[in-house]
Each structure stands twice: as C-alpha cells, then as structure tokens.
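Just below is one structure, and these are the notes that go with it.
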Protein chains: 2
Amino acid sequence: MATNLSQLKQDFTEGLSQISRFWGFPKGMGAIFAVLYLSPTPIPLDEIVSQTGLTKGAVSTEVRTLARMGLVHRSSKLGDRKDYYEAESDFYKSIRSILKERQNSEFDRAIRSVKETLEKLESGSVSGVEAEVAFVHQRVKALQEFFDAIDSLSNAVIKLEKLGLTNVKSILNILK
Amino acid sequence: MATNLSQLKQDFTEGLSQISRFWGFPKGMGAIFAVLYLSPTPIPLDEIVSQTGLTKGAVSTEVRTLARMGLVHRSSKLGDRKDYYEAESDFYKSIRSILKERQNSEFDRAIRSVKETLEKLESGSVSGVEAEVAFVHQRVKALQEFFDAIDSLSNAVIKLEKLGLTNVKSILNILK
DNA sequence: TAGAACGTTTAGTAACTACTAAACGTAGTA
DNA sequence: TACTACGTTTAGTAGTTACTAAACGTTCTA
C-alpha cells in the first residue's frame with residue numbers, strides 16, 4: 001500500500017509520456033516536462049538527462065521546443081555556466097502560447113486554402129455543371145463555418161487567461 | 001481567373017489531406033473524406049480509389065476507421081453488391097463520436113493514471129521528505145484540475161449538438 | 001595555453017507508419 | 001460448376017520519426 005516518492009514520480013512521468021505521444025509529440029517531451037513539473041527548483045540539463053534516461057542531445061533539442069511552446073522556461077544563475085529549466089505551471093498560459101505558435105503553422109496554411117476555395121466559389125468564377133457547383137459551394141461553406149467556430153473557440157480559450165479555473169468551470173456549467 | 005470544378009475539388013482535397021496529417025491522421029484519410037464530402041451522392045469504393053489514387057486495400061481499411069469515427073457512413077443498395085459511402089456533414093455529430101471513441105483510448109488510460117497518482121498522494125500513503133511530497137501533491141493536483149477542465153469542455157462540446165452553429169458563436173461572444 | 005564543463009549539432013539507426021501489390025474469401029451469376 | 005465482381009487481409013516497402021553516440025564549439029578555470 002505504501003509508495004515511495006521516487007516510484008510515484010516515475011509513474012507520473014510514464015503517464016505524461018503517453019499523453020505526450022497521444023498528442024503527437026515525442027514521448028521524451030512528456031517525460032522531460034514531467035520531471036521539471038515535479039521539481040520544486042529549476043534543474044540543469046544534466047539532471048534531466050539522468051532522470052529521464054535520454055541523452056544530452058535529445059534533451060537539448062526537445063527542451064528547446066518545449067521552451068518555444070512556453071511549457072518550460074530556461075534560466076541561468078550568475079557565476080554558473082549551466083542553464084536551468086523549470087516547468088510553466090500555469091497551463092492556460094501554456095495553451096495560449098501553443099495556440100499562438102500554431103497560428104503560423106502548416107495547419108493554418110491548410111485552413112486558409114479551404115478559405116480560398118470558398119472565395120473562388122463565391123466569386124462565381126468556377127465553371128461546371130451548375131447544380132454540382134452549387135452543392136460543392138454549400139459543402140465548402142459549411143466546412144468553413146465549422147473552422148470559424150473552432151477558431152472562435154480557441155480564441156476564447158486564449159482570452160480566458162485572466163479567469164481562474166473555477167470561473168472556467170462555472171462558464172461551462174452555463175452551457176449545461 | 002476561371003477555375004474548373006474538378007481542379008477546385010482537387011485543391012480542396014489537397015487541403016483536407018494536410019489538415020488530416022496535421023492532426024496525426026494519415027493524409028489519405030483526409031483525401032477520402034474530401035472526395036466523399038464533395039459528392040452529392042454516396043459513392044462506391046471503386047470510385048474513391050480512382051479519385052484519390054490510393055489502392056483498394058488502403059481505401060478499404062481507412063474508410064473503416066473513418067466510419068468508426070462517425071465521419072462517414074456505409075450503406076448498400078438492394079440488388080447491388082457494392083458498398084456505398086457518404087460523408088457525415090454534421091461536424092458536431094462527428095466530433096461527438098470522435099470524443100466518445102476517445103473515452104476508451106490510451107489517452108484516457110494515461111489520464112486515469114494521473115488520477116491514481118493523485119489518489120495515492122491524498123491517501124497519505126506516500127513516503128518521502130514531507131515538504132517534497134507536499135510540493136508534488138500540489139502540482140499533481142493542479143494538473144488533475146486542468147484535465148478536469150478539459151474534460152468538462154469536451155463534454156460541453158458534446159452537449160452542444162442541439163444548439164446550432166450560430167448559437168455556439170453567440171456563446172463564444174459572451175466570453176469576449 | 002591546456003583542460004574541463006557545458007550545450008549544440010550531426011550522422012547514423014531502430015522502430016514505426018502509411019502505404020502498395022497481390023493473394024484471398026465470399027457471394028452472386030452464367 | 002466455373003466465372004466474375006466485389007471487399008478484405010497479408011506481406012513487403014519507402015519514408016518518416018525519435019532517438020543515440022560522438023564530434024564539435026564555446027566559455028570559464030588553472
């Protein structure tokens with residue numbers, strides 16, 4: 001029944017690794033974040049290496065992408081050559097920056113291409129059997145509207161930053 | 001300036017392929033869905049093959065997972081041995097079934113493991129330096145609450161089925 | 001200046017994924 | 001019965017990804 005702390009940390013890390021992989025990120029990223037998230041103090045790269053079992057190189061690159069996503073922060077101490085890392089504990093902040101990051105991604109380019117398709121249809125410059133063009137128009141428009149809704153939703157999440165968790169919950173209750 | 005319909009369909013298909021890949025699905029899945037989504041009538045597997053350039057085998061397996069996600073529907077005509085496929089055009093319905101599908105997935109198992117970690121901490125059965133255990137407890141708890149919020153959000157989305165798109169938009173406007 | 005302690009970059013690898021080609025199973029048709 | 005028109009399954013492959021090992025560059029120290 002009793003568990004020691006390091007075993008518990010290990011389980012937790014394993015869990016986050018799987019979650020990370022599920023979202024399409026390397027499982028190593030999840031492990032790194034878990035180690036940092038459970039550490040009360042910023043820790044150097046070396047220790048991430050020893051606690052995750054990854055190599056320096058892997059940790060070096062993956063910790064950088066974590067930093068770009070705003071999930072971890074890099075800092076350094078005066079008179080100490082090491083870099084220190086700590087986890088961002090405000091997840092809403094992290095989500096915001098992840099979504100921002102996403103703005104310039106392939107995803108948005110693809111979504112924009114749907115928009116362009118729609119614009120061509122609206123301009124009436126598409127040739128073809130009229131009924132079929134009309135059908136395609138209607139469908140593409142519906143998809144575009146759906147994307148817009150998703151976009152509004154993500155923007156809404158971004159703006160939730162100042163509301164705390166409990167407020168979010170009560171908003172969600174309104175929807176019920 | 002003028003575009004013909006089949007070119008437009010092709011562009012659209014290309015766009016959905018990329019979106020599909022972005023979300024971690026095979027790009028072929030996006031292509032298949034696009035073809036079905038733009039077709040006014042259900043179409044047989046053969047035609048999906050010819051319109052996407054994939055092989056029968058690939059289409060066969062991928063169309064099945066699309067069906068499992070509720071994004072396409074399979075039907076058949078009396079006196080016709082072929083199966084016919086059509087796209088689900090109500091995206092909220094699709095999202096609902098995708099989220100449901102997710103319930104039993106690896107993702108949920110991983111999330112549950114975080115919950116178990118938390119329960120161990122709450123039960124006081126974890127041995128270790130007291131301050132450190134307390135810190136880990138606080139962190140794991142915060143993560144758990146975050147997951148709960150995400151869960152509420154996805155449940156809320158599920159429940160939005162009966163509200164139309166415009167209603168969703170106005171709710172989102174409240175959040176601004 | 002040499003050496004040590006860092007983080008970064010690069011080249012290579014093992015595992016995985018999305019496919020293709022083709023064999024296979026099945027049910028209707030002559 | 002053999003033949004045909006389907007969808008499915010299987011074996012193999014090209015491409016990708018998440019890593020490892022090790023060379024490298026840089027900055028501080030003796």
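Each chain gets a letter, A, B and so on, in the order its sequence line appears, and its residues count up from 1.
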Inset, instruction - Evaluate the side-chain proximity of B/L143 to A/L16: yes if any heavy-atom separation is below 4.5 Å, no if none is. - result: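 The answer is yes, as the side chains (C-beta and beyond) meet within the 4.5 Å cut-off.
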
Legend entry - Sub-4.5 Å side-chain heavy-atom contact between B/M29 and B/L66: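 B/M29 vs B/L66: side chains touch.
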
Legend entry - B/S39 side chain to B/L36 backbone, donor-acceptor under 3.5 Å: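 Looks like no, no N/O pair under 3.5 Å.
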
Inset, instruction - Kindly say whether A/I48 contributes a backbone atom to a donor-acceptor pair with the side chain of A/T52 at under 3.5 angstrom? - result: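 The answer is yes, because a donor-acceptor pair under 3.5 Å joins these two groups.
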
Inset, instruction - Assign each of A/K82 and A/T61 to its nearest nucleotide of DNA chain C by heavy atoms, then name whichever residue's nucleotide is nearer the 5' end. - result: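 Nearest-nucleotide comparison on DNA chain C picks A/K82.
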
Legend entry - Nucleic acid contacts - residues 32-48 of chain A versus DNA chain C, non-hydrogen atoms under 4.0 Å: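 Here the set is A/L45, A/D46.
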
Inset, instruction - Report which part of the nucleic acid A/R74 touches: base, sugar-phosphate, or nothing (heavy-atom distance under 4.0 Å, all strands). - result: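 Touches sugar-phosphate only.
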
Inset, instruction - Check side-chain contact (heavy atoms from CB on, under 4.5 Å) between B/V136 and all other residues, then give those that pass, not counting sequence neighbours. - result: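 Listed in chain order: A/L5, A/L8, A/K9, A/L38, B/L121, B/V140.
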
Inset, instruction - Only counting residues at least two apart or in another chain, list the ones meeting side-chain contact (heavy atoms from CB on, under 4.5 Å) with B/D46. - result: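 So B/D46 forms no side-chain contact (heavy atoms from CB on, under 4.5 Å) with any residue.
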
Legend entry - Any pair counted as ring pair (Phe, Tyr, Trp, His ring centres under 6.0 Å), so long as it reaches residues 28-85 of chain A, sequence neighbours left out: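 Every pair satisfying ring pair (Phe, Tyr, Trp, His ring centres under 6.0 Å) with a residue in residues 28-85 of chain A: A/F33-A/Y37, A/Y37-A/F91.
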
Inset, instruction - Please state how far atom CG in B/D80 lies from atom P in D/dC6, giving the value in whole angstrom units. - result: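 Checked: the CG to P distance equals 8 Å.
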
Inset, instruction - Take atom CZ of A/R64 and atom C1' of C/dT10, then tell me their distance rounded to the nearest Å. - result: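 From A/R64 CZ to C/dT10 C1': 13 Å.
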
Inset, instruction - Would you indicate, yes or no, if C/dG7 has its OP1 or OP2 atom less than 4.0 angstrom from a side-chain nitrogen or oxygen of A/S60? - result: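 Result: no.
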
Legend entry - Inter- and intrachain pairs under salt bridge (charged side-chain N to carboxylate O under 4.0 Å, His left out), touching residues 11-28 of chain A, at least two apart: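 The answer is A/D11-B/K120.
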
Inset, instruction - List the protein contact pattern of nucleotides 17-30 of chain C with one symbol per nucleotide (5' to 3'): B for base contact, S for sugar-phosphate-only contact, - for none; contact means a heavy-atom distance under 4.0 Å. - result: -SSBS-----BS--

